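Remarks on the structure that follows.
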Amino acid sequence: MWNCCRPSSPLLLLAAAALIVAFAPAASSGQAVGDMGLSSARTVENPGDMARLFRAESIVEVRMTANFRQLRRDKKEVPDWRSLIISYNEGGDSVVNIPARARARGIWRRANCDMPPLKLDFDDSTTKRTLFHELGRPKLVNFCKSALNGDELVLQEYQLYRVYNLLTPFSHRARLLRVTYIDSASGKTDFVKYAFITEDPDRMSRRLGGKILDRKGASYDDVHKSASATLFLFQYLVGNTDFSISALHNIELLSMPNGTIVPVAYDFDFTGAVNAQYATPAPALRIKSVRQRQFRGYCALKPDYPAAIAAVENRRSAILALYTDFIGLLIQPRKVEETTRFFDDYFKRLSSPKAIESELMSECTIVV
């Protein structure tokens with residue numbers, strides 16, 4: 001089953017045990033995920049288990065106070081946690097101050113960015129009745145280079161989380177922030193930039209009634225078929241090749257109560273839809289630019305792709321509407337036009353029955 005190990009290995013036994021554990025199912029009127037068709041995918045989740053922060057889409061103005069110079073200098077493989085205060089206004093002039101912790105994350109970004117992305121750590125006992133309650137350890141996605149359209153890239157990537165949310169509940173929720181970064185050592189404001197918080201994997205799994213399975217080596221036989229087809233079509237839509245289910249690269253595995261495993265994608269800054277200046281495809285791929293598409297879905301999912309294609313097509317208007325709403329209007333019109341043209345290219349490619357053979361099956365893979 002798991003191609004990383006022989007049947008007698010302890011890792012396989014642990015993985016198998018995880019699959020047969022009976023989790024308490026989420027309170028939901030929808031189908032169990034194992035019976036889930038794409039049309040009913042959005043009925044699986046339990047909205048009551050979604051953190052308050054992710055129940056709205058308005059932009060949250062916050063101030064983050066920390067020793068950011070120290071955070072930027074943290075180069076250890078596992079950086080130390082540093083103190084952080086998040087402040088925001090709630091109810092007029094009432095200021096809420098929340099103590100938290102942060103540490104730098106990412107290898108390339110810590111070496112190259114003006115501000116590394118952060119892992120945040122919230123204590124539920126100090127966040128009660130605040131907007132940041134029950135977040136656990138979410139990621140903060142922020143700008144890389146302040147002088148290279150940092151806000152644009154953050155907004156573009158945030159939009160892709162919203163697109164993914166439209167297609168499946170098996171995706172991380174996110175919330176856009178406008179952050180004033182205040183260095184605690186100097187008391188000075190370093191930057192005022194957009195950033196967004198993404199849902200902690202464990203909190204996401206609780207919302208969906210499952211459990212994160214941290215095991216490499218998953219293959220086609222292990223994962224839920226229609227959910228995987230949706231993931232691969234989403235990656236093709238946004239022009240993403242920077243992921244691997246078997247290697248758990250920008251993928252998480254969600255083990256559900258009935259034993260099915262659903263792959264969940266994250267981290268979309270290397271997509272053609274974002275088109276970051278630093279983004280390049282892996283040398284092993286045939287494409288030379290992230291603006292070129294290459295399908296990396298399983299060949300064996302051929303029977304599942306028509307339904308996935310239809311589901312994405314049914315959400316076409318809603319996807320494009322994200323680029324004309326109040327968040328879409330924050331993005332430069334030129335970038336909006338560039339992105340919507342990129343999406344139009346996807347829909348043109350998959351507009352006929354022959355497209356599965358010509359566009360998908362000619363490039364599909366056995367292992368990804």
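This structure is a prediction, so every number in the text was calculated from the model and none was measured.
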Under 3.5 Å, side chain of [X] to main-chain N/O of [Y], donor-acceptor pair present?
X      : Y      : value
Thr168 : Tyr164 : no
Asn250 : Asp242 : yes
Gln292 : Ser289 : yes
Thr365 : Val368 : no
Asp222 : Ala218 : no
Arg293 : Leu237 : yes
Ser246 : Ser219 : no
Thr260 : Met256 : no

message: Any non-hydrogen side-chain atom of Val179 less than 4.5 Å from a side-chain atom of Asn142?
response: no
- request: Assess whether atom CG of Leu329 is packed by more than 12 heavy atoms of other residues, nucleotides or ligands within 6.0 Å.
  value: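 Correct, the count exceeds 12.
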- prompt: Take atom CZ in Arg129; do more than 12 heavy atoms of anything else shown fall under 6.0 Å from it?
  reply: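 For Arg129, atom CZ is not crowded (no more than 12 foreign heavy atoms under 6.0 Å).
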Within 45° cone of [Y] ring axis and under 6.0 Å: [X] NZ or CZ:
X      : Y      : value
Lys225 : Tyr298 : no
Arg175 : Phe54  : no
Arg316 : Phe347 : yes
Arg63  : Tyr88  : no

task: Please step through side-chain contact (heavy atoms from CB on, under 4.5 Å) for the pair Leu177 and Met64, ending with a clear verdict.
output: CA-CA 11 Å; Leu177 312 177; Met64 290 189 179; 4.2 Å; yes
State whether a side-chain donor-acceptor pair under 3.5 Å links [X] with [Y].
X      : Y      : value
Arg162 : Gln159 : yes
Asp304 : Ser226 : no
His249 : Ser244 : no
Ser87  : Asn97  : yes

field: Cluster check Phe132, Ile182: I/L/V/M/F/W/Y, side chain < 4.5 angstrom
entry: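 No: no chain of side-chain contacts under 4.5 Å links Phe132 to Ile182.
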I'd like to know if [X] pairs up with [Y] as an ion pair, taking the criterion as any Lys NZ or Arg NE/NH1/NH2 lying under 4.0 Å from an Asp or Glu carboxylate oxygen.
X      : Y      : answer
Glu359 : Arg349 : yes
Arg178 : Asp151 : yes
Arg341 : Asp345 : no
Arg72  : Asp114 : no
Lys76  : Asp80  : yes

field: side chain to side chain donor-acceptor pair (under 3.5 Å) partners of Thr339, counting only residues at least two apart
entry: Gln156
statement: So the ring-ring contact (aromatic ring centres under 6.0 Å, His included) pairs with at least one residue in residues 58-84 (sequence neighbours excluded) are Phe68-Tyr181
- line: Result for salt bridge (charged side-chain N to carboxylate O under 4.0 Å, His left out) between Asp121 and one of Arg101, Arg105, Arg103, Lys139 points to Arg101
message: Taking salt bridge (charged side-chain N to carboxylate O under 4.0 Å, His left out) as the criterion, tell me which of Arg207, Arg55, Arg137, Arg173 meets it with Glu199.
response: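 Among Arg207, Arg55, Arg137, Arg173, the one that satisfies the salt bridge (charged side-chain N to carboxylate O under 4.0 Å, His left out) with Glu199 is Arg207.
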Who pairs with [X] by salt bridge (charged side-chain N to carboxylate O under 4.0 Å, His left out), at least two apart in sequence or on another chain?
X      : result
Lys302 : Glu357
Glu77  : none
Glu61  : none

message: Classify the ring geometry of Tyr323 against Phe343: parallel below 30°, tilted from 30° to 60°, perpendicular beyond 60°.
response: perpendicular
- prompt: Excluding sequence neighbours, so at least two apart, what forms ring-ring contact (aromatic ring centres under 6.0 Å, His included) with Phe270?
  reply: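 ring-ring contact (aromatic ring centres under 6.0 Å, His included) list for Phe270, sorted by chain: Tyr278.
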query: Among Tyr266, Phe268, Phe295, which one satisfies ring pair (Phe, Tyr, Trp, His ring centres under 6.0 Å) with Phe234?
result: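 Option passing the ring pair (Phe, Tyr, Trp, His ring centres under 6.0 Å) with Phe234: Phe268.
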Distance-minimising heavy-atom pair for Ala195 and Val154: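 Residues Ala195 and Val154, closest heavy atoms: CA-CG1, 3.8 Å.
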